[in-house]
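Okay, structure first, notes after.
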Amino acid sequence: MLRKTEWQHCLQVFEEMFPDAHCELVHQNPFELLIATLLSAQATDVHVNKVTAELFQKYRTPEDYIRVSLEELENDIRSIGLYRNKAKNIRALCEMLITEYNGILPEDRDELTKFPGVGRKTANVVVSNAFGIPALAVDTHVERVSKRLGMCRWKDNVTQVEEKLMRWTPREEWTNTHHRMIFFGRYHCKAQNPNCPECPLLDLCREGKKRMRAK
DNA sequence: CTCCCGATAT
DNA sequence: ATATCAGGAG
């Protein structure tokens with residue numbers, strides 16, 4: 001298992017490799033970010049941006065998503081995958097936003113998870129990126145990188161990974177670290193064929209050393 | 001744990 | 001052909 005001082009070194013390396021890591025889901029306001037993040041489940045952000053480019057022209061407010069039929073909304077997001085669940089959730093979410101929240105998104109993580117289709121990860125993305133509240137959302141990249149490095153256990157669930165990351169990372173660095181770990185996982189420590197030979201963290205990486213031995 | 005699901009990379 | 005992609009609900 002990784003030591004805390006080794007993790008602090010990882011944080012430094014993440015910053016050096018991806019100093020300008022940021023949210024790559026294109027959005028103009030908190031509501032658009034929520035929709036984009038909900039759509040991003042099991043889809044690449046490039047693909048999400050391709051879909052939202054047109055979607056956000058047609059749908060600007062929660063009311064706009066309610067006006068059309070469920071079938072029409074499904075068609076507008078079909079190419080993204082998991083489109084039936086996502087369309088149903090977006091609709092229910094918008095109705096709830098209008099009737100219970102006066103159309104205004106709450107700036108609270110636990111309040112956001114009450115919306116259909118919004119789990120802990122999505123809520124963390126919204127509060128950190130849209131409202132400036134420190135959060136460390138654990139997505140597929142953050143989880144994979146954490147487990148490969150050995151900063152948590154393989155069997156830990158995403159909540160346990162998040163707790164460990166928050167405990168070992170200064171609060172003011174949570175949001176930055178989240179973005180840097182995504183970039184690190186997406187462009188360097190990739191799911192298929194990670195670039196271990198050129199990795200500055202190879203010396204302390206459990207999975208990396210194992211992979212190098214196997215070759 | 002399974003299901004939802006199309007697009008893309010390997 | 002198969003794995004993976006900014007997950008969440010039942």
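In the text below, chain A, chain B and the rest are named by the order of the sequence lines, each starting its count at 1.
A gap of 15 Å separates the C1' atoms of C/dT2 and B/dC5, to the nearest Å. Comparing B/dC4 with C/dC5, their C1' atoms sit 14 Å apart, to the nearest whole Å. B/dA9 and C/dA6: their P atoms are spaced 12 Å apart (whole Å).
Atoms NZ (A/K88) and C1' (C/dG7) sit 14 Å apart, rounded to a whole Å. For the pair A/N49 CG and B/dT8 P, the computed distance is 13 Å after rounding to whole Å. C/dG8 atom C1' lies 18 Å from atom NZ of A/K114, rounded to whole Å. In this structure, the NZ atom of A/K190 is 18 Å from the P atom of B/dT8, given to the nearest Å. Distance CG (A/N85) to P (C/dC5): 19 Å, rounded to an integer number of Å. One atom, CG of A/L39, and another, C1' of C/dC5, lie 14 Å apart when rounded to the nearest Å. A straight line from CD of A/E143 to P of C/dC5 spans 10 Å, rounded to a whole angstrom. One can place CG of A/N176 at 19 Å from P of C/dA6, the figure rounded to the nearest angstrom.
At a cut-off of 3.5 Å, with distance as the only test, a side-chain donor of A/D64 or A/T61 sits close to an acceptor on the other residue.
In the set B/dT10, C/dA6, C/dG7, the nucleotide with an atom closest to the side chain of A/L82 is C/dG7. Checking C/dC5, C/dG7, C/dA6 against the side-chain heavy atoms of A/L25 singles out C/dA6 as nearest. Closest to the side chain of A/K50, out of B/dT8, B/dG6, C/dC5, is B/dT8. Proximity note for A/C23 (side chain, C-beta onward) versus C/dG7, C/dA6, B/dC5: the nearest is C/dA6. Side chain of A/A191, nearest nucleotide from C/dG7, C/dT4, B/dA7: C/dT4.
Between C/dC5 and A/R186, no contact under 4.0 Å exists linking OP1 or OP2 to a side-chain N or O. Close to C/dA6, at under 4.0 Å from its OP1 or OP2, lies a side-chain N or O of A/H141. Contact annotation: A/T37 side-chain N/O to C/dA6 OP1/OP2 distance is not under 4.0 Å. When the side-chain nitrogen and oxygen atoms of A/R84 are compared with OP1 and OP2 of B/dC5, one or more of them lie within a distance under 4.0 Å. Contact annotation: A/T122 side-chain N/O to C/dG8 OP1/OP2 distance is under 4.0 Å.
Among the atoms of the strands shown, only primed sugar atoms or phosphate atoms (P, OP1, OP2) are found under 4.0 Å from some heavy atom of A/V118. Using a 4.0 Å heavy-atom criterion, one finds that A/S79 contacts the sugar-phosphate atoms exclusively.
With the nearest nucleotide of DNA chain C identified for both A/Q192 and A/G117, A/Q192 has the one nearer the 5' end. Mapping A/A43 and A/P116 onto DNA chain C by nearest heavy atom places A/A43 closer to the 5' end of the strand.
Between A/K114 and A/E100 there is no salt bridge, since none of the side-chain N atoms of the basic residue sits less than 4.0 Å from a carboxylate O of the acidic one. By the 4.0 Å N-to-carboxylate-O rule, A/R180 lies close enough to A/E173 to be salt-bridged with it. Between A/K164 and A/D156 there is no salt bridge, since none of the side-chain N atoms of the basic residue sits less than 4.0 Å from a carboxylate O of the acidic one.
Side-chain atoms of A/N124 and A/H178, non-hydrogen and from C-beta on, never get closer than 4.5 Å to each other.
A/L204 and A/C10 get closest at one heavy-atom pair: CD1-SG, 3.8 Å.
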